[in-house]
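Read through the structure below, which is laid out as structure tokens, and then see the notes.
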Amino acid sequence: LLLLFHKDPSFAKTTSDPTMIIPVRCFTCGKVVGNKWETYLSLLQADYSEGDALDELGLRRYCCRRMLLTHVDLIEKLLNYNTEAAEITEG
């Protein structure tokens, strides 16, 4: 589980795209996969199957493919627990 913490509590409000926490590299082989997440989602929206989208992105190894297939986007749920940011918005 990768978590994003920042010292500045207003970070979640000022960041342009806080919606992605995906590992930057494949855990097994080290290939960069973090930059492919948004493209992967757009290919899925364009009615590609999961396998075809991963092939289009050049992810041939099953270790890299699992990084995108098994990713669960939890950032919205994690932001609910940022109590410092909630105190600033309330105050």
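Because only heavy atoms are used, hydrogens play no part in the values below, and waters and symmetry mates are left out as well, while side chains stay in.
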Sub-4.5 Å side-chain heavy-atom contact between Asn35 and Val24: no

Would you say the side chain of Leu54 lies within less than 4.5 Å of the side chain of Leu43, judging by non-hydrogen atoms? no

Hey, is the main chain of Asp55 close enough, under 3.5 Å, to the side chain of Arg60 for a donor-acceptor pair?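 Judged by distance alone, yes, a pair lies under 3.5 Å.
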
Counting only N and O atoms by type, is there a donor-acceptor contact under 3.5 Å from the side chain of Arg25 to the main-chain atoms of Lys31?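 It does not hold such a pair.
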
Using every non-hydrogen atom in the two residues, find where [X] and [Y] come nearest and quote the distance to one decimal.
X     : Y     : value
Cys64 : Leu59 : CB-CD2, 3.9 Å
Cys29 : Cys63 : SG-SG, 3.7 Å
Pro23 : His71 : CD-ND1, 4.4 Å

Same apolar cluster (I L V M F W Y, side chains within < 4.5 Å links), Met67/Val32: no

Determine whether Ile22 and Leu68 satisfy the following criterion, side-chain contact (heavy atoms from CB on, under 4.5 Å), listing intermediate values before the conclusion. CA-CA 8 Å; Ile22 187 164; Leu68 294 182; 3.3 Å; yes

Report the C-alpha distance between Glu56 and Tyr40 in whole Å, list the side-chain angles of each, state the deciding distance to 0.1 Å, and finish with yes or no for side-chain contact (heavy atoms from CB on, under 4.5 Å). CA-CA 9 Å; Glu56 185 73 25; Tyr40 174 69; over 6 Å; no

With no hydrogens and no angle check, just 3.5 Å: does a side-chain donor-acceptor pair link Arg61 and Thr28? no

